[in-house]
Amino acid sequence: MPINPVSAHARVLGADADVLAECAARLRRLAARLRAHDAAPPWLYHALNDHITACVVASADLADAAERLHEYAAAAISDGPTR
């Protein structure tokens with residue numbers, strides 16, 4: 001059975017959401033290491049927090065889009081062709 005292109009795109013978006021979530025986790029670990037060693041200026045933590053927030057928000061948005069596309073693909077398959 002051929003792969004539904006909408007489902008395939010949803011899987012890509014889901015994988016991208018996972019990558020962004022992992023990026024946020026890595027940035028959190030980096031910030032914790034820097035704080036533990038007092039190795040960075042205070043402004044860097046604000047920049048890291050901004051990037052962490054951006055990763056978390058983008059990850060959630062992509063995960064939501066992926067879920068909606070999966071639902072759309074499932075509905076389209078169950079409805080069958082419209083021609």
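We're numbering straight along the sequence, starting at 1.
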Ala10 and Ala66 have their tightest heavy-atom pair at O-CB, 3.4 Å
Is it true that Val19 and Leu62 fall in one hydrophobic cluster, defined by side-chain heavy atoms closer than 4.5 Å? no
If you look at every heavy atom in Val6 and Leu69, which pair is closest and at what distance? CG1-O, 3.6 Å
Please list, chain by chain and in numerical order, all residues satisfying side-chain hydrogen bond (donor to acceptor under 3.5 Å, both in side chains) with Arg68, sequence neighbours excluded. Asp64
If you draw a 6.0 Å radius around OH in Tyr45, do more than 12 non-hydrogen atoms from other residues or ligands fall strictly inside? yes
For the student: nearest non-hydrogen atoms of Ser59 and Ala17, plus distance: OG-O, 2.8 Å
Can you tell me how far CG of Leu27 sits from CG of Asp50, rounded to the nearest 0.5 angstrom? 11.0 Å
Answer yes if Leu13 and Tyr72 sit in the same cluster of Ile, Leu, Val, Met, Phe, Trp and Tyr residues linked by side chain heavy atoms under 4.5 Å apart, and no otherwise. yes
Would you sort out whether Leu20 and Asp16 count as a side-chain contact (heavy atoms from CB on, under 4.5 Å), showing the intermediate values? CA-CA 6 Å; Leu20 283 167; Asp16 289 346; 5.5 Å; no
How many angstroms lie between CD1 in Ile52 and CG in Leu48, if you round to the nearest 0.5 Å? 6.0 Å
Taking atom NE2 of His70 as the centre, report whether more than 12 heavy atoms of other residues, nucleotides or ligands fall under 6.0 Å from it. yes
Gap between atom CZ of Arg28 and atom SG of Cys23 - 0.5 Å precision: 10.0 Å
